[in-house]
Amino acid sequence: MSAPQNMTLIVDGEEKQVNTGTTGAELFFERRDVVVMRVDGVLKDLDQPLPEDAKIESVTIDSPDGLNVLRHSTAHVMAQAVQQLRPDAKLGIGPYITDGFYFDFDVEEPFTPDDLKTLEKMMLKIVNQNQKFARRVVTEDEARAAMADEPYKLILLDKSAEADEAGEGVNVEVGAGEITIYDNVDRKSGDTIWCDLCRGPHLPNTKLISNAFALTRSAAAYWLGNEKNKQLQRIYGTAWPTKEALKAYQERLAEAERRDHRKLGSELDLFSFPDELGSGLPVFHPKGGIVRKAMEDYSRQRHTEAGYDFVYTPHITKGHLYEVSGHLDWYRDGMFPPIHVDETRDAETNEVVKPGQDYYLKPMNCPMHNLIFRSRGRSYRELPLRMFEFGSVYRYEKSGVVHGLTRVRGMTQDDAHIYCTREQMKDELTSTLNFVLALLKDYGLDDFYLELSTKDPEKYVGADEAWDEATRTLAEVAEASGLELVPDPGGAAFYGPKISVQARDAIGRTWQMSTIQLDFNLPERFELEYQAADGSRQRPVMIHRALFGSVERFMGVLIEHYAGAFPAWLAPVQVVGIPVAEAFNDYMGEVIAKLKAAGIRAEADFGSDRFPKKIRTASKDKIPFVLIAGGEDAEAGAVSFRFRDGSQDNGVPVDDAVARIVEAVRNRDHQL
RNA sequence: GCCUCCUUAGCUCAGUCGGUAGAGCGUUUCACUCGUAAUGAAAAGGUCGCCAGUUCGAUUCUGGCAGGGGGCUCCA
């Protein structure tokens with residue numbers, strides 16, 4: 001061995017002189033919070049020696065990279081525990097995910113909730129053993145020998161060349177380049193207790209995992225995410241640098257559960273899903289009906305102002321329409337099966353005398369709007385022609401995907417189709433995007449980013465040249481909006497690219513809301529034409545757009561966004577009047593009458609409950625304005641406000657109170 | 001569609017090792033008339049998701065179906 005030589009490194013932006021062969025662990029010896037490092041931009045284990053002139057960045061356990069490494073290492077600890085508990089378990093893949101990790105196993109028997117508890121205890125033991133994560137570079141043959149009992153790992157080795165495309169998480173295990181195995185090594189004996197084929201990097205040791213982890217659920221998942229493959233048993237877990245961070249995460253989940261629109265929908269008596277109707281078919285109760293009507297009324301008003309025409313189309317149609325549109329080719333499985341009618345058979349021979357027709361429930365409105373366009377000759381002077389409809393559509397969603405109001409089988413889209421010339425296309429897209437964003441803001445969502453979904457090479461129709469132009473135009477419009485733009489390659493519908501608006505709700509979750517899709521294809525299929533200024537016949541461009549997506553889904557999102565506490569303009573009951581005692585019923589009644597006369601949804605609570613109980617009831621109903629009247633108020637011709645946050649405003653003259661409420665409703669004030 | 005768990009009063013949930021069930025909230029009635037999140041009492045309310053099978057007897061055990069939860073796959 002040669003004598004140590006000095007070399008220069010840039011460590012977190014500062015130049016440093018160290019001996020050659022220095023490892024990250026030595027470099028960050030005094031920084032206990034540093035768990036891995038970036039060497040010239042690449043994440044590496046701390047025990048790796050540092051190359052000369054390298055740029056080194058420390059990665060702490062609470063940084064995004066550090067959290068990923070923590071979670072991936074926790075996944076390894078879990079897998080080790082699983083193979084102790086179930087020696088038959090074969091390893092699938094085990095990557096980190098947002099807020100946690102999972103690991104897939106092929107096991108004889110699925111895991112039970114008790115298994116998860118047992119595993120957590122076993123994991124804690126492993127953590128406390130302070131096993132070392134040791135990286136080992138191996139040849140493919142060595143890897144195959146080490147993984148001889150792990151059939152799925154052998155498949156991964158077969159796939160290593162194409163690992164990056166093989167499926168979610170695969171590149172965590174193997175990748176192009178060298179093959180590595182991570183050994184879990186016992187501190188005292190130096191024995192390898194467990195190992196896994198893995199790219200790493202990992203924490204230096206299991207102790208750093210501490211006790212801030214939990215196994216959250218187990219479920220089946222297809223091997224490599226392919227429905228045709230075997231299902232493995234997946235265990236999900238979460239891991240955090242501190243117990244406090246774990247608690248905060250669990251509190252976030254609890255908050256999401258409190259906001260669940262399915263729970264609030266029944267608590268607030270908004271809607272239900274009667275078994276008698278079938279899966280994914282909601283009914284809206286009177287209170288939910290008010291919310292829905294308020295949503296729809298405002299949407300109609302804004303569409304009228306924005307130059308849309310209102311059309312109406314039936315819920316069912318002969319199948320031919322969807323042959324022309326192509327939907328039967330592409331989405332037959334997602335449609336309810338046909339209703340066969342008008343067939344006539346010979347009374348004696350039972351032979352078909354007249355063939356009959358297949359009618360389908362409509363899964364899309366666009367073909368019908370095309371028929372309206374085509375119902376007579378169109379002039380360029382009519383364009384852009386904007387047709388809007390609250391169109392009810394029915395989709396045969398697979399039984400396992402139906403979910404509350406967000407994924408249903410019968411829904412109402414706020415659907416519009418804009419027919420315009422190619423020259424008008426860009427302006428029309430720009431104004432549509434602005435319209436959509438402005439309207440979403442009025443409903444209380446104001447934190448957006450955009451997603452640009454482009455052609456799926458496996459599933460599309462139409463000329464490449466048209467797709468390119470459409471995609472370019474959408475990208476330009478999206479960029480002009482100034483919002484963040486996320487590419488979604490292959491995410492487009494078969495007939496054209498789209499922009500979708502993703503909105504973040506009050507607790508930071510994102511929802512796909514509005515979509516704007518360009519379509520060069522349906523106008524072709526339906527042979528749509530208009531007469532241009534020069535007398536020639538031209539094909540219009542079609543823009544599909546929906547703001548809510550579906551009214552049902554949007555209501556679900558708003559319920560969760562507002563946690564059921566709707567702004568006054570959407571609230572089923574806007575005001576509840578509570579007299580302090582029965583003696584003030586008449587006075588309260590007059591105030592409520594004034595509010596009703598002003599168009600406010602106001603009710604008085606003259607029930608036999610005591611006063612505090614009535615406050616509690618109004619509070620649980622999330623009423624925006626509770627008005628209270630007692631002796632002091634009546635004498636002064638006033639009324640007292642109690643707001644949802646518990647704050648108050650006492651002694652407000654009745655006329656001022658009415659004006660204030662009317663104002664808040666008219667302004668669609670989000671706070672109330 | 002696949003894996004897994006679940007389904008008892010309007011809601012949230014106990015319970016029956018196979019002998020047809022109970023609480024809290026809500027509802028109704030009576031009393032109380034009260035100044036900011038639960039007044040007291042009484043009553044009503046259940047073919048224990050549906051259909052079969054086993055059994056003298058099934059809400060309980062078995063199977064099928066429906067509906068739901070959590071995932072996977074899918075989402076025009």
Practice task
For each nucleotide in nucleotides 63-70 of chain B, reading 5' to 3', give B when a protein heavy atom comes within less than 4.0 Å of its base, S when such contact involves only the sugar-phosphate, and - otherwise.
Solution key: ----SSSB
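For B:G71, its base never sits under 3.5 Å from the side chain of A:Tyr102 at any donor and acceptor pair. You'll find a donor-acceptor pair under 3.5 Å spanning the side chain of A:Arg407 and the base of B:C74, going by distance alone. On a pure distance criterion of 3.5 Å, no polar donor-acceptor pair joins the side chain of A:Glu227 and the base of B:C2.
At whole-Å resolution of the value, CD in A:Glu108 and P in B:C3 are 16 Å apart. The distance from atom CZ of A:Phe111 to atom P of B:C3 is 17 Å, rounded to the nearest whole Å. A straight line from NZ of A:Lys398 to P of B:U73 spans 10 Å, rounded to a whole angstrom. For the pair A:Asp586 CG and B:U33 C1', the interatomic distance rounds to 14 Å; values are reported in whole Å. Atom pair A:Tyr331:OH and B:C74:C1' shows a separation of 11 Å (rounding to whole Å applied). Regarding A:Asp609, its CG atom lies at a distance of 11 Å from the C1' atom of B:G26, rounded to whole Å. The CD atom of A:Glu109 sits 12 Å away from the C1' atom of B:U4 (whole-angstrom rounding). One atom, CG of A:Asn229, and another, P of B:C2, lie 17 Å apart when rounded to the nearest Å.
In terms of modelled atom types and a separation under 3.5 Å, the side chain of A:Ser325 and the main chain of A:Pro367 share no donor-acceptor contact.
Considering only side-chain N and O atoms, A:Arg610 lies nowhere under 4.0 angstrom from the phosphate OP1 or OP2 of B:A37. For B:U73, neither phosphate oxygen OP1 nor OP2 lies less than 4.0 angstrom from any side-chain nitrogen or oxygen of A:Lys230. A:Tyr394 has no side-chain polar atom (N or O) that falls below the 4.0 Å cut-off from OP1 or OP2 of B:A76.
Within the 4.0 angstrom heavy-atom criterion, no nucleotide atom of any strand lies near A:Thr617. Note on A:Pro110: only backbone sugar-phosphate atoms sit closer than 4.0 angstrom, heavy atoms only; bases stay farther off. Within the nucleic acid shown, A:Asp269 has no heavy atom closer than 4.0 Å to any nucleic acid atom. Within the 4.0 angstrom heavy-atom criterion, base atoms lie near A:Gly334. When heavy atoms are screened at a 4.0 angstrom cut-off, A:Gln648 is found touching base atoms of the nucleic acid. Note on A:Ser640: a base of the nucleic acid sits closer than 4.0 angstrom, heavy atoms only. Looking at heavy-atom distances under 4.0 Å, A:Gly631 makes contact with a base.
B:U47 and B:G71: their C1' atoms are spaced 35 Å apart (whole Å). Look at the C1' atom in both B:C50 and B:A58: the space between them is 15 Å, to the nearest Å. A gap of 12 Å separates the C1' atoms of B:U7 and B:U59, to the nearest Å. Between B:A14 and B:A23, the distance separating the two P atoms is 16 Å to the nearest Å. B:U29 and B:C34 are spaced 22 Å apart, taking the P atom of each and rounding to whole Å. Comparing B:A76 with B:G67, their P atoms are spaced 23 Å from each other, to the whole Å. To the nearest whole angstrom, the two C1' atoms, one in B:G22 and one in B:U8, are 10 Å apart.
Of all nucleotides present, none satisfies the Watson-Crick or G-U wobble test against B:A37 with each distance under 3.5 Å. Pairing partner, B:U16: none, since no Watson-Crick or wobble contact has both distances short of 3.5 Å. Judged by Watson-Crick or G-U wobble contacts below 3.5 Å, the nucleotide B:C2 has B:G71 as its partner. Nucleotide B:C25 forms a Watson-Crick or G-U wobble pair with B:G10, both donor-acceptor distances falling under 3.5 Å. Checking B:C65 for Watson-Crick or G-U wobble geometry (two distances, each under 3.5 Å) identifies B:G49 as its partner. In this structure, B:U54 makes no Watson-Crick or G-U wobble pair, since no nucleotide meets both defining distances under 3.5 angstrom.
Remark: A:Arg409 qualifies as a cation-pi partner of A:Tyr396 under the 6.0 Å distance and 45° angle criteria applied to the six-membered ring.
The 5' end of RNA chain B is approached more closely, in terms of each residue's nearest nucleotide, by A:Asp633 than by the other of A:Gln517 and A:Asp633. Take the nearest nucleotide of RNA chain B for A:Lys498 and for A:Glu582: the residue whose nucleotide is more 5' is A:Glu582.
Contact check on A:Asp88 versus A:Arg86 returns no salt bridge, with no Lys/Arg side-chain nitrogen under 4.0 Å from an Asp/Glu carboxylate oxygen. A salt bridge is absent between A:Arg259 and A:Asp505; no separation between the charged side-chain nitrogens and carboxylate oxygens falls under 4.0 Å. Under a 4.0 Å N-O distance rule, the pair A:Lys263/A:Glu257 does not qualify as a salt bridge. A salt bridge is absent between A:Glu323 and A:Lys318; no separation between the charged side-chain nitrogens and carboxylate oxygens falls under 4.0 Å. Checked for salt-bridge contact, A:Arg616 and A:Asp609 miss the test: no charged N lies under 4.0 Å from a carboxylate O. Residues A:Lys455 and A:Asp464 are paired through a salt bridge, judged by an N-O separation under 4.0 Å between the basic side chain and the carboxylate.
The shortest side-chain heavy-atom distance between A:Asp519 and A:Val541 does not fall under the 4.5 Å cut-off.
Nearest nucleotide to the A:Tyr495 side chain, out of B:U36, B:A76, B:A31: B:A76. Among the nucleotides B:U39, B:A37, B:G71, the one closest to the side chain of A:Gln231 is B:G71.
When A:Glu560, A:Glu251, A:Glu267 are each tested for a salt bridge (charged side-chain N to carboxylate O under 4.0 Å, His left out) with A:Arg258, only one passes: A:Glu251.
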